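Structure first, commentary second.
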Amino acid sequence: MRLPYAIQGFLFGPALIGLFILLKAFCPSSFGQSCFTDHFAVPIFLPLISIYRMFGDSAVIYHQDLIFVLLYWAFFGFFLGLILDLYNSPSQYS
């Protein structure tokens, strides 16, 4: 039995973000050198940056920024999977 793509996306989004954060934590590069996961920092935290730009620093509760980013990417993965589920399902009108 296959999980719907919506559920897979809901689980895959935070897992991928968590993997990049974990890889950044264990990056063997010394200070001042770039790591592979540095290139993904801006796309990962872009929703948080846009919230701060629109509403100021008081919009997101402090020390829960990571939870906000993980939930954002979870819902993004959910909606992307939902689109795939609806696209792949047979139409009742055909």
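As the structure is a prediction and not an experimental result, all values here were calculated from the model.
Atom CG in L46 sits 10.0 Å away from atom CZ in R53 (nearest 0.5 Å). The distance from the CG atom of L70 to the CG atom of L66 is 4.5 Å, given to the nearest 0.5 Å. Atom-to-atom distance recorded for K24:NZ and I44:CD1 is 11.0 Å, nearest 0.5 angstrom. The distance from atom CG of L22 to atom CD1 of I17, rounded to the nearest 0.5 Å, is 13.0 Å. W73 CH2 to L16 CG: the interatomic distance, rounded to the nearest 0.5 Å, is 9.0 Å. Rounding to the nearest 0.5 Å places CZ of F45 at 8.5 Å from CG of D65.
F10 and Y87 fall into different hydrophobic clusters, where Ile, Leu, Val, Met, Phe, Trp and Tyr are joined by side-chain heavy atoms under 4.5 Å apart, directly or via other members. Linking Ile, Leu, Val, Met, Phe, Trp and Tyr whenever their side-chain heavy atoms come within less than 4.5 Å puts M54 and F68 in one cluster.
For the pair I21 and T37, the minimum side-chain heavy-atom distance is 4.5 Å or more. Proximity of Y5 to L80: side-chain heavy atoms (C-beta onward) are nowhere separated by under 4.5 Å. Using a 4.5 Å heavy-atom threshold, the side chains of F76 and P47 count as separate.
Residues forming a ring pair (Phe, Tyr, Trp, His ring centres under 6.0 Å) with F12 (at least two apart in sequence, or on another chain): none. By the ring pair (Phe, Tyr, Trp, His ring centres under 6.0 Å) test, F79 pairs with no residue at all, sequence neighbours left out.
What you find for P4 and D85 is that their closest heavy atoms are CB-OD2, 3.5 Å. Closest heavy-atom contact between H39 and C35: CD2-O, 4.0 Å.
Put simply, the side chain of Q8 gets close to the backbone of L3: a donor and an acceptor are under 3.5 Å apart.
Classified by interplanar angle (parallel below 30°, tilted 30° to 60°, perpendicular above 60°), the ring pair F40/F20 is parallel.
Counting only residues at least two apart or in different chains, salt bridge (charged side-chain N to carboxylate O under 4.0 Å, His left out) contacts with residues 4-14 are absent.
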